[in-house]
Protein chains: 2
Amino acid sequence: MELTTAEENYLKAIYHLSEEGKKSVSTNDIATQIQTKPASVSDMLRKLGEKEVIQYRKYYGLQITALGMQLALQTIRKHRLWEVFLVDKLHFAWDEVHEVAEQLEHIQSPLLIERLDAYLNYPKFDPHGDPIPDAYGDVRTRPRCALNEMDIDQIGQIVAVKDSSAAFLRYLDKVGAYIGARIKVLDKVEFDGSIEILVDQKKTLFMSKDVASNILVLQS
Amino acid sequence: MELTTAEENYLKAIYHLSEEGKKSVSTNDIATQIQTKPASVSDMLRKLGEKEVIQYRKYYGLQITALGMQLALQTIRKHRLWEVFLVDKLHFAWDEVHEVAEQLEHIQSPLLIERLDAYLNYPKFDPHGDPIPDAYGDVRTRPRCALNEMDIDQIGQIVAVKDSSAAFLRYLDKVGAYIGARIKVLDKVEFDGSIEILVDQKKTLFMSKDVASNILVLQS
DNA sequence: AAATAATATTAGATAAATCTAAAAAATATG
DNA sequence: CATATTTTTTAGATTTATCTAATATTATTT
């Protein structure tokens, strides 16, 4: 089964929106995510339904199929492996990789991905801390919670970000937070939910609840 | 100026066919090279003419413009840099790289190519010995001649192949010829033009004129 | 040079992916 | 519950790249 680049992008968007725990994925949501019009989405949903990567009944809703899931995970795998390559080998900043990886993920060559995976030493997480599915689509997730949900004096390690917009990533870079940083909660302000943390046992950081809720931590 | 993937492929084909020293590039030649129909080529030539990357008068012929040349060289640069990456870093065999590089060359990101170039240590030649244009489109060629044109007892180094079909590259691999191999002409058979050479001062090789004419040598 | 062959172009169709505007269905509101 | 609003889909157009079949142009050959 072969998908076009556009189909792959739609399927990936559907997968991501499905994962967000929403009851069902709406045409409008997809349109927003992919930056297109609802009319185009309707059309594509019909096509994806025919290709049996989603189950689709018009006006009703959609559900991704096992086949669709597998294909989406392969695309995500490629995207994240390329992100690792760009950051680890070509020294891209983690907020510069998305657009390029968005293109690279559509390169068709199983051998290339196999070799790339080996070359990068079979990474399990991308630079944003998101898990990289293996060749069979299996994902190794880490149990994690939002930074603002941690208690005072708790210790952990930043493992991912929810919002990976360039602006947010640049902000994190600027204040010295990064994936892998060891942190400790020093104080929490009840009033506005803001938080004070210690990074790598040396740097103190204040952040709003808004920022903290977008940082995911592996507790220890 | 932005070119689509298809336009880039046509332009690259035109560039390559122009370089082959032919008086002019025919619609049929392009169709053969790109594996498409002459009707499609005519259509595309009109478009490329409008974009001023070629000068085109129908039924008459075409000529690549300075702008077209520059764009073609950038695509070739990307293609060859990716080939170096695939062979040097991902350990692809030199006959496995073409198809993948054909896809990778269309990734749009000047930063990516700049970084890739640095990562590969600014290579001047690709795995087939073809020169890699620099960021300005300048090409550093090596003076070279076909192996069958060398005289007995002459010494040199294999620097490129004319025919880079998978079949030919596999054959070369099999007999132990490779880009960079030092060779010496031991004997030439006048009757059929076949040739006997010494590879790396240890291995004797017989090859037909057909094969030898597809191997390019830097004389020394 | 006239007939034939080869080459190149146009005309008209098709497929993919998109759009706007209009219609249909589902949901929300008074 | 009837109406208004939102959401979704369809209809019809557009762009890109391709094809086949037909036509036009150029080249070759008696």
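Chain letters run A, B, ... following the sequence lines, proteins first and then strands; every chain starts at 1.
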A.B. asks: Could B/Arg142 and B/Phe125 be counted as a cation-pi pair, given that NZ or CZ must be under 6.0 Å from the ring centre and within 45° of the axis?
C.D. replies: yes
A.B. asks: When the distance from CD of B/Gln35 to C1' of D/dC19 is rounded to whole Å, what number comes out?
C.D. replies: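 So the two atoms are 15 Å apart, to the nearest Å.
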A.B. asks: Output the distance between atom CG (A/Leu73) and atom CD1 (A/Ile132), rounded to the nearest 0.5 Å.
C.D. replies: 12.5 Å
A.B. asks: What orientation do A/Trp82 and B/Phe85 show, parallel under 30°, tilted 30 to 60°, or perpendicular over 60°?
C.D. replies: tilted
A.B. asks: Output the distance between atom CD1 (A/Ile107) and atom OG (A/Ser109), rounded to the nearest 0.5 Å.
C.D. replies: 9.0 Å
A.B. asks: From CD1 of A/Ile30 over to P of C/dA17, roughly how many Å is that when rounded to an integer?
C.D. replies: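 From A/Ile30 CD1 to C/dA17 P: 15 Å.
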A.B. asks: CD of A/Glu50 versus P of C/dA17: gap in Å, rounded?
C.D. replies: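 Taking atom P of C/dA17 as the reference, CD of A/Glu50 is at 12 Å.
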A.B. asks: I'd like to compare against my own output: the B/S/- annotation of nucleotides 2-18 of chain D with a strict under-4.0 Å heavy-atom distance to protein.
C.D. replies: -----SBBB-----SSB
A.B. asks: Calculate the interatomic distance between A/His106 atom NE2 and C/dA17 atom P; express it in whole Å.
C.D. replies: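 One finds 11 Å between P of C/dA17 and NE2 of A/His106, rounded.
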A.B. asks: How about A/Ser213 and A/Leu147: do any of their side-chain heavy atoms sit closer than 4.5 Å?
C.D. replies: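 They are not in contact (no side-chain heavy atoms under 4.5 Å apart), so the answer is no.
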A.B. asks: State which residue, out of B/Lys78, B/Arg80, B/Lys12, fulfils the salt bridge (Lys or Arg N to Asp or Glu O under 4.0 Å) condition with B/Glu102.
C.D. replies: B/Lys12
